[in-house]
Participant: 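This is the structure I have questions about; it appears just below.
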Number of protein chains: 2
Amino acid sequence: MGRPAHISNAQLIAAAARVAARTGPARATVAKIAREAKVPTGSVYHRVPSRAALMAEVWLEAAERFTTPFLEQLAAAESLEAAIEAALVTPRLSREDPAAGVVLFVHRRDEFLAGAPEESRARAARLTSALQQCLGQAARRLLPKDARGRERLTIALVGVPYGAVRVFLPQAVPPPELDPVIVAAARAALGA
Amino acid sequence: MGRPAHISNAQLIAAAARVAARTGPARATVAKIAREAKVPTGSVYHRVPSRAALMAEVWLEAAERFTTPFLEQLAAAESLEAAIEAALVTPRLSREDPAAGVVLFVHRRDEFLAGAPEESRARAARLTSALQQCLGQAARRLLPKDARGRERLTIALVGVPYGAVRVFLPQAVPPPELDPVIVAAARAALGA
DNA sequence: ATATAATTAGAATATATGTTCTATAACATG
DNA sequence: CATGTTATAGAACATATATTCTAATTATAT
């Protein structure tokens, strides 16, 4: 089968994620990523077609780690209180996988997707629209009287926890005491 | 006095702010900034020593527009309710000066300060520490029982409004209806 | 008018960095 | 053990863009 690779594709993405988390995607050069992954720069191009595609992959992987539990919690929620639990996905991910947390909550989606191949963009668009759709359905179910229900739910379940963890990231990990504060603030934002 | 300049120094900074708001500071090239300001690229270097120094200036100007009213409101606050008003500086700035809002609340301080001259960094450090000091004093005054008062106040008055406006910026301007939501969420975050 | 200063104007240069290329090494299979 | 395949290894190349440079322009002051 030929010479074995020093690292796996997933390890390359993980190394790129660490570099991007530290420096931001714009300053994550191929040289730095290769050094972090302990492979020569040329080897990077045996795995991915371009730096832009790799950065997109980094974002997509982090975004999926967030979206999966968030959508699961929110889609199943039959009460506002249950929906509010989804707000805790943000601090939990930041603790469990700080690099993914920093990628998602410190840097911006567009920085990672700039110049990315069409396929990566399409995947990113699907993730984003799945999130919005789920928020819309939950709003119709749980805030039927509120004309701007989806907007309000987005503020409470996305905006509030995002802002809360940003007080800590990237220097520190959000402490456990943050979670009840997020819940209280999200509940208040929903007017509940 | 020599040939008159096409634009003032302030106009160059404003043009740089618009470009940086659109593309992010990393992709704000000197060529783009010069085009936006309608001056040749070389002229930029008659005003500022480097692109990095210009980006730092953009951030510092935006940061001062935020810090001044925020500190004023918070320093004068003799009650938690008065302090909570400071949380509204964030959405107000985003409406009154969207470019400054995007610079401060969409992009990151470090992106603007990367490679900046020492003097700019020192100014930025002073702004940041003035903010932290004021938050600390307010916490001791208004939340004397809370051992982590400053942290909590930061979450409520900085993190919550930041996350809330981020739901809208940079695509849209935060609507006026957002303000009572921010106040409610900030109040809840303070446990009041 | 003429000299001087400050700027415009944009070409030239330097540098950083993404990408490709050539050679070599390590593994599997017949 | 020869051959084919895949990866390493890092140098070479291409490109984008920050910065500098030379010349031309337009104001003020004497």
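We name chains A, B, ... by the order of the sequence lines, and we start the count at 1 in each one. Please read all numbers here as calculations on a predicted model, not as lab measurements.
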Participant: Nearest-Å distance, CG (B/N9) to P (C/dT8)?
Facilitator: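 Whole-Å distance recorded here is 11 Å.
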Participant: Does a side-chain N or O of B/H6 approach OP1 or OP2 of C/dA9 to a distance below 4.0 Å, or not?
Facilitator: yes
Participant: Using a 3.5 Å distance criterion without hydrogens, assess whether the side chain of A/R65 forms a donor-acceptor pair with backbone atoms of A/G101.
Facilitator: no
Participant: Of A/T41 and B/P4, whose closest DNA chain C nucleotide lies nearer the 5' terminus?
Facilitator: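 It is B/P4, whose closest nucleotide lies nearer the 5' terminus.
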Participant: Before accepting this row, confirm whether a basic side-chain N of the pair A/R92/A/D97 lies closer than 4.0 Å to the acidic partner's carboxylate O.
Facilitator: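 No.
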Participant: Based on Watson-Crick and G-U pairs with both distances under 3.5 Å, what dot-bracket line describes DNA chain C 5' to 3', crossing pairs as [ ] and inter-strand pairs as |?
Facilitator: ||||||||||||||||||||||||||||||
Participant: Tell me if a side-chain donor or acceptor on A/E64 pairs with a main-chain N or O of A/E61 at a distance below 3.5 Å.
Facilitator: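 No, A/E64 side chain to A/E61 backbone: no donor-acceptor pair under 3.5 Å.
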Participant: Examine distances only and state if a side-chain atom of A/R47 and a backbone atom of A/L12 form a donor-acceptor pair shorter than 3.5 Å.
Facilitator: no
Participant: Please check if the side chain of B/H107 supplies one atom and the backbone of B/A21 the other of a donor-acceptor pair under 3.5 Å.
Facilitator: yes
Participant: Compute whether any side-chain donor of one residue and acceptor of the other, for B/R109 and B/T128, lie under 3.5 angstrom apart.
Facilitator: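 Present: a donor and an acceptor within the cut-off.
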Participant: Can you check whether A/S43 has a side-chain N or O nearer than 4.0 Å to OP1 or OP2 of D/dT8?
Facilitator: yes
Participant: Could you check A/T90, A/V103, A/L127 and say which one makes a side chain to side chain contact (heavy atoms under 4.5 Å, CB included) with A/F66?
Facilitator: A/T90
Participant: Can a donor-acceptor pair be found, under 3.5 Å and without considering hydrogens, that links the side chain of A/R187 to the backbone of B/A185?
Facilitator: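 Between the backbone of B/A185 and the side chain of A/R187 there is no qualifying donor-acceptor contact (under 3.5 Å).
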Participant: Taking CD1 from B/I7 and C1' from C/dT7, how many angstroms apart are they, rounded to a whole number?
Facilitator: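 Between C1' of C/dT7 and CD1 of B/I7: 11 Å.
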Participant: Give the residues of residues 45-61 of chain A touching DNA chain C, defined as any heavy atom closer than 4.0 Å, sorted by residue number.
Facilitator: A/Y45, A/S50, A/R51
Participant: B/T29 near the nucleic acid: base, sugar-phosphate alone, or nothing, with a heavy-atom cut-off under 4.0 Å?
Facilitator: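 Sugar-phosphate contact only - B/T29 comes under 4.0 Å of backbone atoms but never of a base.
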Participant: Grab the CZ-P distance between A/R27 and C/dT15 for me, whole Å please.
Facilitator: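 Atom-to-atom, A/R27 to C/dT15, this comes out as 18 Å.
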